[in-house]
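First the structure, in the form of structure tokens, and then the observations on it.
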Amino acid sequence: ICAKRLQEEGLNVTLVCADVRFLPFPAKSFDAVVAADLFEHLRVPQDGMRELNQVMHNGGKLLVTGANRYTLTAYPLVGLWGVGYLPQSVRRWYVEARKGIDMLRYATLHSPGSMKKVLEEVGFECLNFAPLSVPRAVARSRAQRCLLSIYTFLRRCWMTKRVLLLLGPAFEVLVQKPTGDKG
């Protein structure tokens with residue numbers, strides 16, 4: 001899908017399929033990395049974060065996005081409300097009962113705060129911590145454009161931004177690898 005989309009945009013890019021815990025790139029290969037909806041798929045997200053830290057230049061930026069386990073909307077990976085508030089054993093039963101299989105059995109659910117904390121623990125410095133920014137291009141209908149305009153307005157207001165960060169469906173954390181030798 002990615003190759004097809006890149007081709008449609010006229011971009012010539014080499015795609016590499018790899019495990020984020022064991023990247024096939026030399027140290028300090030990248031100035032910027034995007035990890036979109038990645039870390040909820042790792043049992044130990046720190047392993048992938050450390051590996052990304054290794055392949056980034058000092059001062060490099062990492063943008064992490066993810067689904068908020070404490071969203072008041074349906075959790076995106078399963079389309080069910082409230083799963084992030086449940087203990088794992090109850091969540092397993094609930095998802096299995098509703099979907100026929102525990103689609104979250106290998107997922108690690110994160111809140112924006114827990115993701116920020118783990119990123120800082122592995123050596124990144126937080127630059128920005130916000131509800132997910134959504135490009136206008138994803139809104140296809142007039143109603144979607146209207147809702148997206150409201151969401152964009154709310155995510156920019158300091159008070160509603162905090163509420164969306166705590167209870168919204170998705171978040172983004174922009175971090176930087178320290179410029180000194182400590183990172």
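For reference, positions follow the sequence shown, starting with 1.
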Inset, instruction - Would you mind reporting whether Tyr151 and Leu132 have side-chain heavy atoms less than 4.5 Å apart? - result: yes

Legend entry - Spacing of CG belonging to Leu174 relative to CG belonging to Leu127, to within rounding of 0.5 Å: 4.5 Å

Legend entry - Heavy atoms from other residues, nucleotides or ligands near CZ of Arg105 exceed 12 (cutoff 6.0 Å): yes

Inset, instruction - Without swapping roles, check the side chain of Tyr70 against the backbone of Gly84 for a donor-acceptor pair under 3.5 Å. - result: no

Legend entry - NZ/NE/NH1/NH2 to OD/OE distance under 4.0 Å, Glu120 and Lys116: yes

Inset, instruction - Kindly indicate whether the side chain of Lys99, heavy atoms from C-beta on, has any atom under 4.5 Å from the side chain of Leu80. - result: yes

Inset, instruction - State whether the number of non-hydrogen atoms from other residues, nucleotides or ligands found under 6.0 Å of Lys117 atom NZ is greater than 12. - result: no

Inset, instruction - Could you list the residues that satisfy ring-ring contact (aromatic ring centres under 6.0 Å, His included) with Tyr94, not counting sequence neighbours? - result: none

Legend entry - Met56 side chain near Phe124 side chain, heavy-atom distance below 4.5 Å: yes

Inset, instruction - Give a yes or no on whether Val55 and Val118 share a hydrophobic cluster (residues Ile, Leu, Val, Met, Phe, Trp, Tyr; joining criterion: side-chain heavy atoms under 4.5 Å apart). - result: yes

Inset, instruction - For side-chain contact (heavy atoms from CB on, under 4.5 Å), just list the numbers for Lys61 and Asp31, CA-CA rounded to whole Å, side-chain angles, deciding distance to a tenth of an Å, and then say yes or no. - result: CA-CA 6 Å; Lys61 292 181 174 58; Asp31 293 322; over 6 Å; no

Inset, instruction - Quick one: which residue pairs count as a salt bridge (Lys or Arg N to Asp or Glu O under 4.0 Å) with a foot in residues 135-162, not counting sequence neighbours? - result: Arg155-Glu172

Inset, instruction - Determine, stepwise, if the pair Phe39 / Met115 fulfils side-chain contact (heavy atoms from CB on, under 4.5 Å). - result: CA-CA 9 Å; Phe39 293 115; Met115 181 63 70; 3.7 Å; yes

Legend entry - Residue pair Gln144 / Ser141, side-chain heavy-atom distance below 4.5 Å: yes

Legend entry - Side chains of Pro24 and Val16 in contact at under 4.5 Å (non-hydrogen atoms): yes

Legend entry - Backbone N/O of Glu96 and side chain of Asp102: donor-acceptor pair under 3.5 Å: no

Inset, instruction - Go through Leu52 and Val20 one step at a time and tell me if the side-chain contact (heavy atoms from CB on, under 4.5 Å) criterion holds. - result: CA-CA 7 Å; Leu52 288 173; Val20 71; 3.9 Å; yes

Inset, instruction - Please lay out, stage by stage, how Leu104 and Val83 fare under the test side-chain contact (heavy atoms from CB on, under 4.5 Å). - result: CA-CA 9 Å; Leu104 295 176; Val83 294; 4.0 Å; yes

Inset, instruction - Would you please classify the geometry between the Phe25 ring and the Phe30 ring as parallel, tilted or perpendicular, with 30° and 60° separating the classes? - result: perpendicular

Legend entry - Side-chain donor or acceptor of Arg69 paired with backbone N/O of His110 under 3.5 Å: no

Inset, instruction - Return the set of residues passing side-chain hydrogen bond (donor to acceptor under 3.5 Å, both in side chains) with Arg21 (not counting sequence neighbours), or none when no residue passes. - result: Asp19

Legend entry - Close side-chain approach of Asn68 and Pro112, heavy atoms under 4.5 Å: yes

Inset, instruction - Using atom types as modelled and distance alone, determine if a side-chain donor or acceptor of Thr108 lies under 3.5 Å from a backbone N or O of Leu42. - result: yes

Inset, instruction - Verify, without hydrogens or angle tests, whether Thr65 (side chain) and Asp37 (backbone) share a donor-acceptor contact under 3.5 angstrom. - result: yes

Inset, instruction - Flag the pair Gln7 / Asn12 as yes when at least one side-chain heavy-atom distance between them is below 4.5 Å, and no otherwise. - result: no

Legend entry - Donor-acceptor contact below 3.5 Å, side chain Asn53 vs main chain Lys177: no

Legend entry - Contact check, side chains of His41 and Leu77, non-hydrogen atoms, under 4.5 Å: yes

Inset, instruction - Rounded to the nearest 0.5 Å, what's the gap from CG on Leu15 to CG on Leu6? Could you check? - result: 5.5 Å

